[in-house]
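Reviewing the structure listed below.
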Amino acid sequence: MNPIDDDAELGFASLAVRAGQVRTHEGEHAEPIFLTSSFVFADAAEAAARFSAGEGNIYSRFTNPTVRLFQDRLAALEGGEACIATSSGMAAILATCMTLLKSGDHIVCANAVFGTTISLLNQYLNKFGVATTYVPLSDLGAWEVAIRPETRLFYLETPSNPLMELADIQALADLAHAHDILLVVDNCFCTPALQRPFRLGADLVIHSGTKYLDGQGRCVGGAVVGDRQRVGADIFGFLRTAGPSLSPFNAWVFLKGLETLRLRMHAHSAAALHLARWLEAQPAVERVYYPGLPSHPQHELAKRQQDAFGGIVSFEVRGGRPAAWKLIDATRLLSITANLGDAKSTITHPATTTHGRLTPQERERAGIRESLVRISVGLEEVTDIQRDLERGLRRLAPLP
Ligand SMILES: *Cc1c(COP(=O)(O)O)cnc(C)c1O
């Protein structure tokens with residue numbers, strides 16, 4: 001047993017470093033990686049007992065001590081009862097839908113969600129009789145109008161990718177619960193370091209561990225957090241049966257990432273706020289999307305709902321796609337890659353990459369213009385990131 005397990009007073013930073021650890025008889029200080037596919041039983045009776053209970057160490061498709069430690073630590077940080085780790089963020093979304101939905105059920109989903117999430121719902125779940133209606137993320141009335149008797153899930157990300165639009169989690173949770181609907185929040189952009197959806201009434205929290213939980217762009221993985229029954233038993237059953245399992249090595253990278261999560265999220269946020277303010281003053285920049293700016297239509301909600309504004313800044317440049325590409329190609333420090341949540345700053349053109357598989361109409365509906373550029377602000381010196389962007393902006397419109 002972990003000596004901190006009975007201390008209900010521990011704060012976020014302590015849980016991030018300590019929660020979930022169970023030391024072995026070797027007395028190791030750092031968490032070990034159990035890189036083993038199966039486990040040995042003392043005798044046939046023990047094997048039979050573990051298999052029938054589905055508990056204890058059996059087989060790493062569904063039970064592994066390193067994966068369990070990551071799950072317990074993330075559950076503690078989100079304030080959820082149970083967590084199931086998966087091989088990717090998409091696998092976490094798939095596991096949630098496959099477990100909680102059946103043919104004939106209906107989802108109401110924000111139209112501003114990760115592009116692949118839309119593909120998953122439209123191309124695959126739809127094929128099995130699960131229909132989805134898309135609504136504007138921040139339009140509470142539209143969510144209400146979209147509800148049908150067979151609606152089971154509300155699904156959203158806040159802030160959204162890449163336009164940093166917010167949903168009022170509390171208001172949507174109240175609406176969902178009045179209709180017996182579960183609210184699922186993809187907390188990828190804020191992480192529990194900046195936003196705790198369960199405190200605002202969410203029922204399930206989804207993570208792409210690939211982003212900020214890792215924080216250094218090394219591993220792909222994901223997780224679902226929620227209550228003991230739906231996540232700890234039902235989604236666990238899907239994982240055991242279908243096998244979208246997280247590798248123990250990746251789990252270890254993520255759980256070490258959690259130790260520095262809050263420090264990193266505040267550093268990303270401070271640098272992003274600085275750059276957003278600076279970008280807003282540039283003549284070549286038409287519009288900046290960042291919830292930390294007073295010009296953001298949901299700035300007040302962001303202050304209430306989040307501890308800081310996050311590390312993603314999007315902006316539109318004057319001159320459409322050619323200008324956006326010119327700016328991107330002029331950078332030397334920033335990496336041209338679609339990943340985000342890395343210590344290294346990244347720059348991307350959403351319309352032709354992350355949202356390139358959407359139809360032009362779907363893109364239009366999501367508000368993704370050709371002039372849009374997204375940066376994931378890393379941990380380099382913010383003045384260096386600024387100089388890198390300045391070089392490109394100067395080529396678009398000569399500074400006075
Ligand atoms: C990346 C991402 C996902 C998918 O996660 P993977 O680990 O790439 O499968 C889901 N939601 C959001 C908001 C993301 O940014």
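All values derive from a computational prediction rather than experimental measurement. Whatever order the structure lists them in is the order used to number ligands and atoms, beginning at 1.
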Salt bridge present between Arg369 and Glu316 (N-O < 4.0 angstrom): yes

Within 45° cone of Phe249 ring axis and under 6.0 Å: Lys256 NZ or CZ: no

Of all pairs that satisfy side chain to side chain donor-acceptor pair (under 3.5 Å), the ones with a partner from residues 157-166, not counting sequence neighbours: Ser138-Glu165, Asn161-Arg374

Test ring-ring contact (aromatic ring centres under 6.0 Å, His included) applied to His179 - qualifying residues, sequence neighbours left out: none

Under 4.0 Å from ligand 1 - residues by heavy atom, chain and number: Ser88, Gly89, Met90, Phe114, Glu157, Asp186, Cys188, Ser208, Thr210, Lys211, Gly221

Set of ring-ring contact (aromatic ring centres under 6.0 Å, His included) partners for Tyr289, sequence neighbours left out: none

Within 6.0 angstrom of Phe12 CZ, more than 12 heavy atoms from elsewhere: yes

